[in-house]
Structure formats: C-alpha cells, structure tokens
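Report on the following structure.
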Amino acid sequence: MIDKIKNEWKDCVARALGTYLGATDFPEPNMGVPPKPEMGDIAFPMFPYARIKGMNPARIAADVKEILSKAEHPAGTLSTAGAYLNVKIDSSSLFSDLVRKIGMEGSSYGCNSSLRGKKVMLEFSCPNTNKPLHLGHMRNDSLGESVAAILKANGAEVMKVNLINNRGVHICKSMLAYKEFSNGETPADTGEKGDHFVGRYYVRFANWSKEYEGRIVALEKEGRNDEAEKLRADSPDARAQRMLKAWEDGDEEVLALWRTMNKWTLDGLEQSYRDMGISFDRYYYESDTYKFGKSEVLKGLEEGVFFREKDGSVQIDLSDIGLDRKVLLRKDGTTIYITQDLGTAIRRHEDWPFDSMIYVVASEQAYHFKVLFHILKKLGYTWADGLHHLSYGMVNLPEGKMKSREGTVVDADDLLAELSALAKEEIVSKGREALVGDVDETSRKIALAALNYYLLQVSPVRDMIFDPKKSISFSGNTGPYLEYMGARISSILKKAEEDGIASASDVDGSLLCNEDEEHLILLLSSYPSLVAEAAAGFDPSVITSFLYDVAKTFSHYYHDNQILKAGSPELVSARLSLCRAVLQVLKNGFALVGIPFLESM
RNA sequence: GAGACCAUAGCUCAGCUGGAUAGAGCAUCAGUUUGCGGAACUGAGGGUCGGAGGUUCGAAUCCUCUUGGUCUCGCCA
C-alpha cells in the first residue's frame with residue numbers, strides 16, 4: 001500500500017522532471033527517507049539533474065516543487081530542503097484503508113504470493129546422535145524456523161527437513177563407553193533426558209581415550225615401544241574403529257545397541273525441539289542414505305564424471321572451478337561425508353521435487369557445499385541450480401570459542417531453563433502469577449522470545465558473541481520487550497471491551513495526526529514489503545528491526561497519549577483501531593521470528 | 001601458501017539498490033508515576049565507520065591495496 005503511494009509519487013516527480021528538463025532521457029528519481037520525520041516521508045535528491053541542467057540543485061528542487069504542486073499528485077505536502085524535494089505523505093488518508101485491510105486479512109496481513117507454486121526444501125538442525133543440542137544448534141534452529149515461516153509468508157510451499165547424523169565413528173564412541181562403564185543403566189534408571197545420558201558417555205569416552213593416550217606416550221618415552229604398541233591396539237579409539245567396522249558389517253549386537261542408544265538420544269532431542277518450538281516435516285537419516293550415495297558415485301564413475309585413482313579411491317577433478325581434487329570414495333570403498341550428502345540430495349529430490357533447496361549450515365562448511373553443488377551439476381542434475389547454502393557465522397562466548405573439551409559449551413536445555421527461571425522470577429516479583437495463568441508456560445515463552453530475538457537480530461553472515469550472563473536481558477531491545485508491548489496493547493483492548501467501548505466500523509483517520517500516529521501508520525503500511533525483503537535475503541533480522549521500530553514507536557506514543565480517555569469518543573475509537581492494527585502486525589511479525597505472543601505476562 | 005568471510009560508541013549490534021548532522025540497546029550519569037501494565041518513557045556524555053588510495057556532485061556503503069581476526073583448503077563429520 002505504502003509502496004504503491006511511493007511509486008505514484010516517484011512517477012509524478014519523474015513527469016515533473018521531464019517537463020522541467022524538457023527531455024525524456026534522464027536518470028529516474030532516487031527515493032530516500034529524510035533524516036528526520038518532520039521533514040517528510042520521501043526524499044528526492046536533485047543532485048543528478050544539476051549537471052544536466054547546469055544549475056544549482058537546490059534551485060531545481062524548488063522549481064520541480066512548483067511544477068509538481070500544480071500537477072495532479074497523491075495526497076500529501078511538498079517541501080524542499082536544500083537539494084532535496086521532500087514529500088510528506090498524508091497518512092490519515094491511508095489509515096482507513098490500512099485498518100480495513102489489516103482487519104480483513106488478519107494474520108495473513110503482510111503475506112504475498114510471489115513464491116506461490118514454488119516448492120522449497122529447507123534443511124536445518126542436523127544433530128549428531130551422541131550428545132545434546134548446544135547454543136550453536138539454537139542459532140541454526142532459530143534461523144531455520146524463521147526462514148521457513150518467512151518463505152511461507154511469501155507463498156512458497158516449504159518442507160522442513162532434518163538430517164540425523166546417526167552413523168560414524170563418533171557415534172560408536174558413546175556406544176563403546178556405554179558398553180564399558182554403564183552396567184546396563186538406562187535413562188529411565190537415572191532420570192536423565194536421553195540425549196544428556198548418551199552425551200555423558202560421549203564425554204566419558206573422551207576422558208578414557210585421553211587417559212590411554214597418556215599411558216601410551218609415557219611408555220614410548222621409556223622406550224617400551226612394544227608395550228605401547230600393544231596398548232594402542234587395545235585403545236578406546238582403536239576399539240571404536242573396530243566397532244564401526246562391525247556396525248557396517250551388520251553385527252547384530254552392535255546394531256541393537258546402536259538402535260537403543262539412538263532412540264534415547266532422539267527422544268531427548270525431540271523434547272528439546274518441542275520446548276524450543278522447532279518442528280520438522282520430514283526426517284532423513286545418514287544411515288539410510290550413505291549407501292545410496294555410494295551407488296550414485298559409482299554410477300558417475302561409469303559415466304566418466306569421476307575417475308578411479310591408482311590406489312582404488314574414486315575422485316573428482318575440480319580444477320575447472322579452481323579447486324583441487326576431492327575424494328568421493330575411500331580406497332577401501334567406504335563412504336565419506338560428501339558421498340552421503342550427494343545421496344541425500346538426490347534422494348530428496350526424488351521424494352519431493354523441489355524448485356529450490358536451502359541448507360542452513362555454519363559458514364565453516366562453505367567449501368563443502370560449493371563442491372557438493374558443483375558435483376551435482378556435473379552429474380547432470382539440472383535442479384542443482386536451485387541449491388543454496390544459507391551460511392551463518394559462529395556463536396562465540398566472551399572468552400572465545402565454545403570448546404567441548406574445556407566444558408565451555410552452552411547446553412541448549414540448560415540455557416532455556418535458566419532463562420525461564422529468570423522470567424519466572426520477574427513474574428513472581430510483580431505478583432502476576434494469577435493474571436498470567438500458567439506461570440511455567442509463560443516463563444518458557446518469554447525465554448524463547450529472548451533467545452530467538454537475540455539470535456535473529458544479528459545478520460546471519462556475522463559471527464556473534466553470546467554472553468550467557470549479560471547478553472540476554474529482558475529490557476531494552478529484546479524479545480521480551482516486544483512481547484511486553486503486545487501484552488500491554490492486549491490489555492488496553494481488553495479494558496476497552498470491559499468498559500463497553502464499541503469498536504466503530506468507520507473511523508476518522510484525520511483525527512490521528514500526531515507524529516507518532518503518522519509514523520505508526522506508515523510503518524504498518526510498509527510491513528508487507530519487508531516480508532518480501534526478508535525472503536529475498538533469507539534474513540529474519542529485517543523483521544526483528546521492524547518489530548522493534550513498531551514497539552518503540554508505540555511505546556513512546558502511548559506514554560504520551562491516552563487511548564481510552566482520549567478527548568472524544570471518535571478519537572478513542574480511532575486510537576483503538578490503531579491499537580488493533582499495531583497488535584495484529586506485531587503478532588504477524590512475531591510469528592516470523594519465533595516470538596510467542598502473550599496476552600498477559 | 002591459496003581461498004572465503006568479518007572489522008561501525010566502553011560492550012552487544014543496526015545502518016535497504018551510494019544521499020542531509022552515522023543510529024539503537026546495555027553500561028554510566030540526570031530525570032519522569034494523582035493515567036490504559038515502570039519488563040516502560042525522557043535527556044546527557046560517548047565515533048578518525050580498522051588504515052590508505054580511487055570512482056562520484058556525494059562513500060560506513062562501490063573498486064583497489066593494506067592491517068588485524070575467524071574459517072576452510074582431511075580418504076573427519
């Protein structure tokens with residue numbers, strides 16, 4: 001709506017310029033935003049025409065303003081400031097249309113159909129089945145969920161998929177430690193969440209292996225190399241390798257343990273996903289796709305896309321894209337990471353022929369995806385042009401990188417619990433338990449708002465620093481602040497209803513003429529174009545900044561202006577309509593960035 | 001060594017296809033409640049946009065070089 005008006009203005013300015021310059025061939029006017037709201041809503045700089053006309057740009061601005069003011073143009077007022085021709089849009093004339101549109105469209109206000117008919121597959125999360133989720137996964141999951149919602153809002157058909165990394169030597173490590181040290185205990189026995197239970201054995205393995213390594217090195221120092229060799233052959237790492245071989249050979253005992261422990265972990269991860277509001281439409285498992293990947297590589301070998309090295313490994317020459325060679329099958333014929341990913345991609349396109357597929361994966365894997373996409377193209381899959389790596393930076397701590405060995409990894413469940421506890425404290429300290437209803441559920445939703453907003457407000461490409469103690473506050477530019485605005489507007493509307501203030505069907509927009517009201521109306525009008533912009537760049541931070549802008553403006557507005565006790569019934573009615581519109585847009589935006597809406601908090 | 005990405009206030013981050021005096025939050029300091037939720041609002045101080053060139057009427061933004069940081073270049077995943 002706002003875009004339409006802006007473009008109308010742009011056309012008008014272009015026509016006026018045409019008349020003024022007496023030409024048809026000149027650069028089309030640039031549209032900007034004046035630095036201060038009172039200067040107007042659209043700015044047209046006249047610099048480019050100064051040279052053409054050989055005149056002072058400020059003079060041009062004044063002359064064009066003259067021409068324009070006599071011509072037909074949308075409602076609004078013109079002014080000049082130096083070389084700028086500024087337009088103040090008559091927002092009150094927008095208001096009734098805006099209110100009607102938002103009222104009619106409700107939760108779909110802001111959606112468009114630019115991606116209608118497009119099938120987009122979105123892969124994210126992709127956990128290993130040997131440990132619980134950590135902060136890094138949370139950024140991944142937040143991004144995945146948000147981008148999925150944003151693409152849907154643009155009309156795409158979205159399939160969210162998760163690829164479970166449930167095979168490989170790292171999985172065997174937790175299994176081996178369990179076999180060695182558990183005495184058969186189960187998560188049910190210890191009361192632990194399954195992923196934490198298994199993760200504990202993964203850590204146990206690491207310590208066990210380290211201890212062995214120390215003994216081996218000590219023996220070697222003493223020159224007792226035979227004994228060292230013997231110890232090494234029996235080391236945890238060697239045994240894990242043998243277990244992997246047994247797993248691949250189909251050893252029933254190993255497979256049984258694998259199934260059991262995988263289930264424990266996945267049950268635990270499912271719980272975390274539920275708590276964090278993450279869901280998937282389909283799961284893929286590496287254990288299912290790695291063999292398929294191998295057969296695809298062998299097919300490519302026959303077709304001459306790949307070649308077999310003298311040592312027996314299968315490789316591809318990537319010199320055409322300025323890279324080296326890449327191994328696709330080991331000399332013993334076993335598969336590697338990329339073999340499996342090739343198989344998974346092909347299988348997925350067979351399952352659900354997508355137009356595009358987005359991998360939400362950390363930037364450290366940029367090389368992997370470059371190679372993967374290239375190979376798929378070389379194999380002749382035309383759909384490979386629709387593959388996209390949504391790369392995001394790392395989440396670091398103030399003291400540096402998270403390191404599992406140093407125990408500095410921030411556990412996702414712990415973090416959520418900690419934030420929920422803080423939120424609960426806040427609710428209790430304000431004595432709002434009864435007003436809130438389910439205190440624990442509300443606390444969790446506040447924690448989620450804090451987390452998702454914090455993780456999404458940073459542009460995906462950037463590394464970010466996360467200070468668990470300080471970074472997540474509930475005041476200022478935060479998720480809970482946005483939720484709070486939603487709750488307060490809800491509260492006003494509720495009170496209006498209780499007081500029997502009827503909502504008028506036709507409101508007089510011309511009553512809403514203070515600066516904040518005008519700003520809010522323009523903001524709400526611009527929301528649909530931002531939904532499109534967020535989709536184009538796969539960037540939820542477009543939405544988070546918008547929401548903060550709306551909340552902040554509203555905050556300021558209702559601090560200074562009474563709504564229910566405004567001067568006249570007509571003004572009350574108009575302001576209530578504005579409140580409803582703001583609330584609806586906040587809710588719609590919340591849904592795109594994982595902020596739960598709360599009527600009361 | 002080669003390549004990719006990042007650098008903006010004390011800290012955490014915005015800044016759209018180049019446009020007017022570079023913006024928020026936190027922290028610091030000073031204020032605001034006889035009113036619909038104070039998880040709020042207002043104000044102040046705080047900047048050589050890593051550095052140097054270039055393009056342009058105009059550069060935090062584009063180009064080149066350079067410094068610093070991170071990541072990748074495994075028959076690990």
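Protein chains get the first letters and strands the later ones, always in sequence-line order, with residue 1 at the start of each.
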Notebook entry, point to check: Heavy atoms under 4.0 Å, any strand shown: does A/P57 hit a base, just sugar-phosphate, or nothing?
Noted result: nothing
Note to self: How many whole angstroms separate atom CG of A/D463 from atom P of B/C11?
What the structure shows: 17 Å
Margin query: Rounded to whole Å, how long is the line connecting atom CZ of A/R325 with atom C1' of B/C73?
Written below: 16 Å
Checklist line | Distance between C1' atoms of B/U42 and B/U33 (Å, rounded) | finding: 13 Å
Check: A/N477 CG to B/C26 P: how many Å, rounded?
Finding: 9 Å
Next item on the list: Report the residues that fulfil ring-ring contact (aromatic ring centres under 6.0 Å, His included) with A/H559, sequence neighbours left out, ordered by chain and then residue number.
Entry: none
Check: Between A/Y548 and B/A24, do the rings stack, that is, sit under 5.5 Å apart with planes less than 30° off each other?
Finding: no
Next item on the list: Round to a whole Å and report the spacing from CG of A/L530 to C1' of B/G15.
Entry: 14 Å
Margin query: Nearest whole Å is fine: how far is B/G35 P from A/D560 CG?
Written below: 15 Å
Checklist line | Same-atom distance (C1') from B/G18 to B/G58, integer angstrom | finding: 8 Å
Next item on the list: Write down the distance between NE2 (A/H368) and P (B/A77), rounded to a whole number of angstrom.
Entry: 10 Å
Note to self: For B/C36 and A/S491 - does any side-chain N or O of the residue sit under 4.0 Å from the phosphate oxygens OP1/OP2?
What the structure shows: no
Next item on the list: Determine: side-chain N/O of A/Y481 to OP1/OP2 of B/C41, distance under 4.0 Å, yes or no.
Entry: yes
Margin query: Is there a side-chain contact between A/K401 and the phosphate of B/C71, meaning an N or O under 4.0 Å from OP1 or OP2?
Written below: yes
Checklist line | Pairing string, 5' to 3', for RNA chain B - Watson-Crick or wobble contacts under 3.5 Å, brackets [ ] where pairs cross, | to another strand | finding: (((((((..((((.....[...)))).(((((.......))))).....(((((..]....))))))))))))....
Check: Roughly, in whole Å, what's the span from OH in A/Y484 to P in B/G38?
Finding: 5 Å
Note to self: Taking B/A30 as the reference, what is the distance to B/U67 when you measure between their C1' atoms (whole Å, please)?
What the structure shows: 41 Å
Check: Under the 3.5 Å rule, do the base of B/A20 and the side chain of A/N86 count as making a donor-acceptor pair?
Finding: yes
Next item on the list: Could you state the atom-to-atom distance from NZ of A/K552 to P of B/A40 in whole Å?
Entry: 10 Å
Check: Quick one: CG on A/L176 to CD1 on A/I171, what's the gap to the nearest 0.5 Å?
Finding: 13.0 Å
